[in-house]
Amino acid sequence: MSEPKTTLDVIDIQKIMTSIPHRYPFLLVDRVVEINGDESGVGIKNVTANEPQFTGHFPERPVFPGVLMIEGMAQTAGVLVVNARAVGEQQVNSVLFTTIDKAKFRKPVIPGDQIRFHLTKLARRRNIWFYRGEAKVDGVLVAEAEISAMVA
């Protein structure tokens, strides 16, 4: 395979939706910024009170589910991988989440917060990418995990 592109502009919601198949209410990345090819990038999720998970998690004290933060990391990684493909590389049909390791949840995230998913590539083996992800709110670590995804 040829080398992936090493620079990209900010990826807005329209470009995200052409990159990965997720849609509301399961599209958990609003924008991707600070992109360095498939090496690293930051996905942004604006948490709002009208999201469906808050009707049951929890009605009296809404807390953004940790599993959705991990999914947001995975979606950010998927956007990075798809958009960093080198010219002439095979078209990506799907990006499949394959592993979650070392997941930790540090602080609750509530409506009004903006989560920034910081992803850094650890390795690539053929069609599988490995990333370290950190979710931060106002610069404070709220969740972290190592994830991998397979491109099909």
Interatomic spacing from [atom1] in [X] to [atom2] in [Y] - rounded to 0.5 Å:
| X | Y | atom1 | atom2 | answer |
| --- | --- | --- | --- | --- |
| Glu144 | Phe105 | CD | CZ | 10.0 Å |
| Leu28 | Glu51 | CG | CD | 8.0 Å |
| Lys104 | Leu141 | NZ | CG | 10.0 Å |
| Tyr131 | Arg124 | OH | CZ | 9.0 Å |
| Leu68 | Gln53 | CG | CD | 5.5 Å |
| Met150 | Arg125 | CE | CZ | 14.5 Å |

Task: Residue Asp138 excluded, over 12 heavy atoms near CG under 6.0 Å - done: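 Atom CG in Asp138 is not packed in, count stays at 12 or less.
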Side chains of [X] and [Y]: does their closest heavy-atom pair fall under 4.5 Å?
| X | Y | result |
| --- | --- | --- |
| Val29 | Lys45 | no |
| Arg31 | Val10 | yes |
| Thr18 | Val82 | no |

Task: Shared hydrophobic cluster, Val67 / Val63 (ILVMFWY, side-chain heavy atoms < 4.5 Å) - done: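 Each belongs to a different hydrophobic cluster.
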- [ ] Any chance you could lay out the side chain to side chain contact (heavy atoms under 4.5 Å, CB included) test for Val137 and Phe64, step after step, and finish with the verdict?
- [x] CA-CA 12 Å; Val137 173; Phe64 194 77; over 6 Å; no
Task: Val42 and its side-chain contact (heavy atoms from CB on, under 4.5 Å) partner, picked from Glu134, Glu34, Lys136 - done: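 Output: one option passes, namely Glu34.
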TODO: Output yes when a side-chain donor or acceptor of Gln75 lies under 3.5 Å from a complementary backbone atom of Ile16, and no otherwise.
DONE: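 No: the side chain of Gln75 does not pair with the backbone of Ile16.
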- [ ] State whether the side chain of Ser19 and the backbone N or O of Val79 hold a donor-acceptor pair below 3.5 Å, judged by distance alone.
- [x]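 Such a contact is absent between Ser19 side chain and Val79 backbone.
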Task: Working for side chain to side chain contact (heavy atoms under 4.5 Å, CB included), residues Arg116 and Val33 - done: CA-CA 10 Å; Arg116 295 177 69 88; Val33 297; 3.8 Å; yes
Open item on the list: Quick one, Glu146 with Phe130, criterion side chain to side chain contact (heavy atoms under 4.5 Å, CB included). Give me CA distance, side-chain angles, the key distance, then yes/no.
Closed with: CA-CA 7 Å; Glu146 290 182 4; Phe130 299 84; over 6 Å; no
TODO: Taking all heavy atoms of Leu119 and all of Gly133, pick out the closest pair and write down the distance.
DONE: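 Closest heavy-atom pair between Leu119 and Gly133: CD1-CA, 3.8 Å.
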